[in-house]
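Residue numbers start from 1 in every chain, and the chains themselves are labelled A, B, ... in the order their sequence lines are given, proteins ahead of strands.
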Amino acid sequence: MSDSYNPQEIESSVQEYWETQQAFKAEENNQQEKFYCLSMFPYPSGRLHIGHVRNYTIGDVISRYQRMQGKNVMQPMGWDAFGLPAENAAINNKVPPAKWTYENIDYMRSQLKRLGFSYDWSRELATCHPKYYRWEQWFFTKLYEKGLVYKKKATVNWDPVDQTVLANEQVIDGRGWRSGAVVERKEIEQWFLKITAYADELLNDLDQLEGWPDQVKMMQHNWIGRSEGVEIKFAIENIEGQEQTSVSVYTTRPDTLMGASYIAIAPEHMLAHYAAKNASEIDDFINQCKQTKVSEAEISTLEKQGMDTGLFAIHPISNKKIPVWIANFVLIEYGSGAVMSVPAHDQRDWEFAKKYNLPIIPVITNEQNSNNVDVSEGAFTDKGWLFNSQQFDGLSSQEAFEEIAKELETQNKGSKQINYRLRDWGVSRQRYWGCPIPIIHCDSCGSVPVPEQDLPVLLPEDIDLDGTSSPLNKLDDFINVNCPKCGTPAKRETDTFDTFFESSWYFARYCSVDNDQSMLDERAEYWLPVDQYIGGIEHAVLHLLYARFFNKLMRDHGLYEYDEPFKNLLTQGMVLKDGAKMSKSKGNTVDPEELINRYGADTVRLFVMFAAPPDHSLEWSDTAVEGSYRFINKLWRMVESFKEIVNERQEISASELNESQNNLHRKVHETIQKVTDDIGRRYTFNTAIAANMELSNELQKFDDHSTQGQAIHQQALESIVLMLSPIIPHVCHILWQKLGNSQAVHEVQWPKVDVNALKKDNMKLVVQVNGKKRATISVAANADNKQIEETALSDENVSRAITDKNVVKVIIVPGRLINIVVK
RNA sequence: GCCCGGGUGGCGAAAUUGGUAGACGCAAGGGACUUAAAAUCCCUCGGUAGAUAAUACCGUGCCGGUUCGACUCCGGCCCCGGGCACCA
C-alpha cells in the first residue's frame, strides 16, 4: 500500500520536528563559516500578503541552500511595528495601537510558522518594544553629543481643520483624507540627522558593493547627486537695512552666467516675504503656492507659475539689473531656495521666460568663434563655446567654468562649490505611535537629551486617539518633567521618530537581541555584515540609504568595524494581479492563508518561486498554482512507485552503464550543475525548478529495473529531492526518509557534480547559411573544424541552400554552431 | 517633471558572454483508462502557405543602424511599472 500526499498532515508534523530539534537556532561558532541571511521585516498590518510570502520564501531558499553548503546560517525575523496604520486602526476601531499591533504580530507569526521558514525565532524583535527602542534613544543622545543632530524649521502638510500634520499619502487631491480641508504647507521646528556629512562616503562606498544590483547603486548615486559648481552672490538693489541684502544661487553651469536674465526664488524665500509686505497680489500668490503638498513629484508636475517681486538683482559681472521672480517650482529645501535662470540654455527656464515674456539671452553655441545658436524653439542645453559674454567670449564651456569662477572669487562674489542633492534626514514625526524622541526642553538650558539612566522614555500605551493632533500633547504626566540639567520644570519633546529610524539598525540588533546592557556586543562582530539581504525594490533608495548611513554611524561610535551593512542585495519585484499592484483598495488581493489551507505551504512556496525570477514583477494566477500542486503530487508518486520496485540500495558502477543509463546519469549531473548555478549564483529559482521538472520528465520515462537501473534511478530521485528541499522543505523531508535515509534532509550536503558523468561522445551543432538555420548535424565530440565543415557542407539541406553560390567564409562557434557565409 | 527598470505565443516565462527564439509550466484541443466523474497517462499547440509532410517565408513594443549572425549592442520614439525624502 502506498501513502498519498497529504500536505496538511506532513507539514505540521515536519514543523513540529524542526521545533523540537531547534533545527534553525543559530549559535556563534568560529570554526564554521557564517552566513547571515536577512529578509526585510514586515509591518504587522494584520495578515501576510503574497508579497511577504514571496520575499520570505526567497530568503528561506537561500538560507537552506547555504546550510546545505555547510555554512553556519542565521536567519532571523522581527516586526517593523511602529507606523501610521496602527493609529488609523485605533481611530476607526477604538483599540489602542499597542494592542492592535501585538495581536497582529501574534497572528502573522503563526502564519509565518505555517509556511515553514527556517527562522531562529529566539532572536525575534519588535521595534515598538522598549527593549528595542531604548537603544535607539540612547544612540540618538550619543549622536546629539557628537553634533550630528540639530534642529531647524521644515515644511509639513498641515490640515487646518483636524489641526494635525498629514503624511503625503494622507493628502488626496490637495485635501486632508479625513477632514477634506485644503491642506497647507507649514513650517515647524524639527530634528535632523546630518546624513550630508556622510554624503561622500555613502557615494564612494557604493563601489564596494559588488553584490548589489547596478540599478540600485545607480539610483543611490543619483539620489546623493554630487555636483561641482559655483555659488554666486547677487546683490539686491534698494534693500538696505534688511537682514539679507543679497541672494545666493548655486549653478553647475557658471559658463552660462552672462545669459542669466532673472532670478527665481522659492515662495518661502525671505525675499518673497519681504516683497509681499506692501503688495497684496504677491502675498496672495505666496499663499496660493502654499496650497500644495510637500512632495517633489507634486511640485515638479505643477503648471509653472511665477510672480514678479519688483525687486532687482545686480548681475555680478555685467552689473546690469535683472528681475527677481517668485516661482512655484523652486524648492526652499534644496540649496539656498533660489536659482539663476538662463532661459537660452535651460529648458525649464526657457518655458518660464516664454510664458512671462522675460528676456532670452543666448551665450553658448556649438561652434567656436560664432554667435550662431537657435533658441527660438527651445533651449540649447549642450556645452559649447561662449559668445556675447564680454571678456569670456571664445572660451569653451569648460574653460569658462574656471575663468568665471576665478573672476567671481577675485571680486568676492562667489566661489567653486561641491553640492549634493541629498538633504539632511528629518527624523521628527508629529505622531503618537512611534519611538519618543529623548529630549527635554528647558527654558534656561534649551534642548537637553534625556540622561542614560532615565532611558527608555516609555511611550504611554493605554491611550485614546481621535484623529486630531498627537495624544502625547494631552498627557500632562508625559509632558511635564524636570530639566535633567537644572532641575526646574521643563517640557518633554512630544514628537516621535520617523519609522525609518527603527528599520535602519534592526539588522544589527538581531545579533545581540537579548542584551539589556548595550546596544550591540561581540556577537554582532561575528555575524555582521549581512551576507544576503532580500526585500522589495521600492526600498532601493530611502531605507537602504538610511541603513547604510546608520551602519557608518554605529561604526564610528565603535560598536563594530564594518563599513557596509549588506554584502549582497536581492531586490524582489512586485506581486501584481490583473496588471496592478495588489492592494486592499483595488480589491485584487490574494490571501496566502486560503491557499495554504487548500494546497499546503510547499505548493505556495513552489509557485511563487516558479512563476517568475525574483527581481521581476510576478503576475498572480490561480490556475497556475494547480500546476505546482500537480508537480509535487507527481514527485510523491515517483518516489512511492520507485519503492515498489527497489529491493535494496544499489551502488552506481559507471563502467557498467548502458546507453540509456548513461544518458540519465549525465542528465542528473547536468541538472545538478545547472541548479547549483541557478540557486547559488544567479538566484533564478524559476529555472532551477524547471530543470528539476525536466529531469523528472526524463526519469518518468526511465523504466529499467536492473541493478544499475535502480542505482541510477535512486540517485536521480535523491538529487531531485535534495535540490528541491530548500524550496519545498516539508515534502522533501518526508521523501528523503522514504528513500531510505535517516539524516534530516536540511542537514544533508548539497549534491556534487561528477564531471566524468558529463562527458559526451557526440555533439549537436546548428548549421546556418548566411545566419539562417538550415540544419542540425551530429559530429564526434572531438571533431576538428575541418571535419565539422565537411559534415555541414554534405548535409542535404545545406547543400541545397548554397547551390550556385560561392562560400565566402565559414564561422565555427565551438560546441554551438557553424555559419556558412555565401554570395 | 526628474531618476531607475521593463515590453518575447492565448498566459507566466526561457534563451547565462552577440550564436538553434519560445526550455519549463498554465490554459486550450484531441485520445487512452473508467459504468461515469475526478485523478492519471499519451499526442498537438507562435503565424502564414503546404497534405496534420518535407520545406519556405514572417515573427521578441515601434522606426532606423552596427554585424557573418541581434530578444541581446547603438540612435530615436511609444507604452507600462517602481522611487521622488511624512506609506512601509
Nearest to side-chain heavy atoms of A:Pro613, which nucleotide of B:rA14, B:rG19, B:rA85:
B:rA14

Closest to side chain of A:Ala167, choosing from B:rC41, B:rC87, B:rC84:
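Out of B:rC41, B:rC87, B:rC84, the nucleotide with an atom closest to A:Ala167's side chain is B:rC87.
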
Taking atom [atom1] in both [N] and [M], what distance in whole Å separates the two?
| N | M | atom1 | value |
| --- | --- | --- | --- |
| B:rG7 | B:rU66 | C1' | 23 Å |
| B:rU20 | B:rC73 | P | 15 Å |
| B:rG22 | B:rA54 | P | 15 Å |
| B:rC74 | B:rG1 | P | 24 Å |

Within the 4.0 Å heavy-atom criterion, would you say [X] contacts the bases, only the backbone, or no part of the nucleic acid?
| X | result |
| --- | --- |
| A:Lys674 | base |
| A:Asn819 | base |
| A:Val766 | base |
| A:Phe500 | base |
| A:Lys764 | nothing |
| A:Asn633 | nothing |
| A:Val165 | base |
| A:Leu84 | sugar-phosphate |

Quiz question: going by heavy-atom distance under 3.5 Å, is there a donor-acceptor pair between the base of [N] and the side chain of [X]?
| X | N | answer |
| --- | --- | --- |
| A:Thr301 | B:rG1 | no |
| A:Glu619 | B:rC26 | no |
| A:Gln430 | B:rC86 | yes |

Would you give the length of the straight line joining atom CD of A:Gln190 to atom NZ of A:Lys152, rounded to the nearest 0.5 angstrom?
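These two atoms lie 10.0 Å from each other.
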
Donor-acceptor pair between A:Asp498 and A:Tyr546 side chains, under 3.5 angstrom:
no

Please find out if less than 6.0 Å separates the ring center of A:Phe607 from that of A:Tyr629.
no

Are A:Trp79 and A:Tyr506 near enough that their ring centres are under 6.0 Å apart?
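Ring centres of A:Tyr506 and A:Trp79 not closer than 6.0 Å.
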
Quick check: closest heavy atoms across A:Ala86 and A:Trp433, and the distance to 0.1 Å?
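Smallest heavy-atom distance, with atoms named: CB-CD1, 3.4 Å.
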
Side-chain N,O (A:Asn686) to OP1/OP2 (B:rG25) below 4.0 Å
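For A:Asn686, the contact criterion (side-chain N or O under 4.0 Å from OP1 or OP2 of B:rG25) is not met.
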
